[in-house]
Protein chains: 2
Amino acid sequence: MAKSGSAAGMRRTDDVPPSGTRKLLVDAAIETLKQKGFGGASARAIAEAAGSNQALIFYHFGSVTNLLLAALDAVSADRLSQYSEALESVGSVGDLVDAATGIFESDLDAGYITVLAEMIAGASSSPGLGAEVAARIGPWRSFAQDAIERSLGGSFLSQALPAPDVAYAVVALYLGLEMLSHLDGDRGPAIDLFAHAKHLAPLFDAMSGAPSREEGR
Amino acid sequence: MAKSGSAAGMRRTDDVPPSGTRKLLVDAAIETLKQKGFGGASARAIAEAAGSNQALIFYHFGSVTNLLLAALDAVSADRLSQYSEALESVGSVGDLVDAATGIFESDLDAGYITVLAEMIAGASSSPGLGAEVAARIGPWRSFAQDAIERSLGGSFLSQALPAPDVAYAVVALYLGLEMLSHLDGDRGPAIDLFAHAKHLAPLFDAMSGAPSREEGR
DNA sequence: GTCTATACTTGGATAGAC
DNA sequence: GTCTATCCAAGTATAGAC
């Protein structure tokens, strides 16, 4: 599936800069998804955000849905590389929580997870979209799993809490927090949670024998 | 806001059985929300599910959005009373996890949380809907908070993890798990998480001094 | 209260000029 | 590759008969 297209309007969603217009449309799609949600991300709305016209969407992507998926691809790639960078120097659980806090806040500011959440929820509306979206979430789970294994792998907790399962929960929690925060426009409760996690981090570090640097900020 | 209506088509969403048709439409709205998502929950689709016609929706509820909110009200009331019943006999964390597991599975089967998730995500599409949905989530948070305070209130963890914040996280996680499970049609990972929680429950019970009955199933 | 018919709007998608 | 114009399907909402 998702075969690399031959005909116009069915080009692959994963090659980089074929025309500049593609990127323009993808960016506009992301913006529209963030501001108006899946339901508001119509060809007309996206075209307006891109400062062009809707015909281009069908010429370049074949359908609105395909453009939306390309937008999800772009966000996914962008975020995962950002995450990798942020987690490079993470050794302890405390470090992990720090990194995760920063990531969460910037994701929330930029509205990236909104795009993810809207696509997941919107997938219910059109048949077949679900599988495409699910495939694009896989990397997020793998990434979370890596991070967890690196900082908790040694702990006895990894017996009771296998990394893949925890990764699943982390992605779910991340998604849910973003939805709730976005819903009532208040990120306070979510931020508080990260603060609590930060306080508990030394406990986990002690369990796994990792160095537990400074605690209070 | 949400004033009790006087004119036809603006009746209150919280009175019980004025016509039978109202309930029919609300049930159809729930069903449609579950099967086709927010985007697919059009007046036409709902009317068809109800075996009637769309004009009735506007007569009884004034707009599709109002009907959808009434559907959310119905689900919310139904679930919260169900939860109350399930948690009546909960004393220990182990009990709590057992109850939560059962609740989660039946919610997933019945698709109730789908309704919630779709409404939250769909709220981005139409202005003003967000606040209405947020108001209807409040009770879920309060409920979770109560349950947490009852079974963890004594533990030293309640210092590091205040019940309101944990409740927020629980609702977010619940929401995220349902979205992911629904997305790839596999509840396995979510169920596994509950199993892990069950294994860890005695630990928490020990902390708060509650009796920790049997552990293995 | 319920139905049919219809006005009006928006959205996906294509044709064809440039 | 990009634009305008347009077709068609689907949606919200209302009018008016029953």
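Side chains included, hydrogens not; waters and symmetry mates left out as well; all remaining heavy atoms used. Lettering follows sequence order; numbering is per chain, from 1.
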Next item on the list: Could you walk me through whether B:Asp98 and B:Phe194 pass side-chain contact (heavy atoms from CB on, under 4.5 Å), step by step?
Entry: CA-CA 8 Å; B:Asp98 279 340; B:Phe194 281 95; over 6 Å; no
Notebook entry, point to check: Which heavy atom in A:Trp140 sits nearest to a heavy atom in A:Leu80, and how many Å separate them?
Noted result: CA-CD2, 4.2 Å
Notebook entry, point to check: Taking CZ from A:Phe61 and P from C:dG11, how many angstroms apart are they, rounded to a whole number?
Noted result: 19 Å
Check: Does any N or O in the side chain of A:Arg22 come within less than 3.5 Å of the main-chain N or O of A:His60, such that one atom is a donor and the other an acceptor?
Finding: yes
Check: Once you round it to whole Å, what is the distance between P of D:dT2 and CZ of A:Arg22?
Finding: 11 Å
Notebook entry, point to check: Whole Å only: how far is the CG atom of A:Leu56 from the P atom of C:dT14?
Noted result: 14 Å
Note to self: Could you work out, with side-chain hydrogen bond (donor to acceptor under 3.5 Å, both in side chains) as the rule, every residue matching A:Arg141, not counting sequence neighbours?
What the structure shows: none
Check: Are the side chains of B:Phe61 and B:Leu68 in touch, meaning some heavy atoms are under 4.5 Å apart?
Finding: no
Note to self: Expressed as a whole number of angstroms, how long is the span from B:Leu68:CG to D:dT12:C1'?
What the structure shows: 13 Å
Checklist line | Proximal nucleotide (of C:dC3, D:dG1, C:dT2) relative to the A:Tyr59 side chain | finding: D:dG1
Next item on the list: Find the distance B:Phe58:CZ to D:dT12:P and express it as a whole number of Å.
Entry: 6 Å
Item checked: Nearest-nucleotide pick for B:Ala55, side chain only, options being C:dA15, D:dG11, C:dT4 -> C:dT4
Notebook entry, point to check: Where the side chain of B:Gln54 is defined as all heavy atoms beyond and including C-beta, which of D:dT12, C:dT2, C:dA15 is the nearest nucleotide?
Noted result: D:dT12
Donor-acceptor pairs under 3.5 angstrom involving side-chain atoms of residues 35-56 of chain B: please list them, not counting sequence neighbours.
unit_1  : atom_1 : unit_2  : atom_2 : d
B:Gln35 : NE2    : B:Glu31 : OE2    : 3.0
B:Ser42 : OG     : B:Ala45 : N      : 3.1
B:Asn53 : OD1    : B:Ala55 : N      : 3.2

Note to self: Applying ring pair (Phe, Tyr, Trp, His ring centres under 6.0 Å), can you list everything that pairs with A:Tyr174, at least two apart in sequence or on another chain?
What the structure shows: A:Phe104
Check: To the nearest angstrom, how far is A:His60 atom NE2 from C:dT14 atom P?
Finding: 15 Å
Item checked: Separation of D:dT14 C1' from B:Ile57 CD1 (nearest whole Å) -> 14 Å
Checklist line | Qualifying residues under ring pair (Phe, Tyr, Trp, His ring centres under 6.0 Å), relative to B:Tyr168, sequence neighbours excluded | finding: none
Next item on the list: Output the residues of residues 43-52 of chain B in contact with DNA chain D, where contact means a heavy atom of the residue under 4.0 Å from an atom of the strand; sort by number or write none.
Entry: B:Ala43, B:Arg44
Item checked: Short side-chain N/O contact from B:Ser42 to OP1 or OP2 of D:dG11, under 4.0 Å -> yes
Next item on the list: Could you tell me whether the phosphate oxygens of C:dG12, OP1 or OP2, come under 4.0 Å of any side-chain nitrogen or oxygen in A:Ser63?
Entry: no
Notebook entry, point to check: At what angle, to 10 degrees, do the two end axes of the helix from C:dG1-D:dC18 to C:dC18-D:dG1 meet, given five pairs define each axis?
Noted result: 10°
Next item on the list: Flag the pair A:Val75 / A:Ile113 as yes when at least one side-chain heavy-atom distance between them is below 4.5 Å, and no otherwise.
Entry: no
Checklist line | Protein-nucleotide distance (A:Asn53, atom CG; C:dG16, atom P), rounded to Å | finding: 17 Å
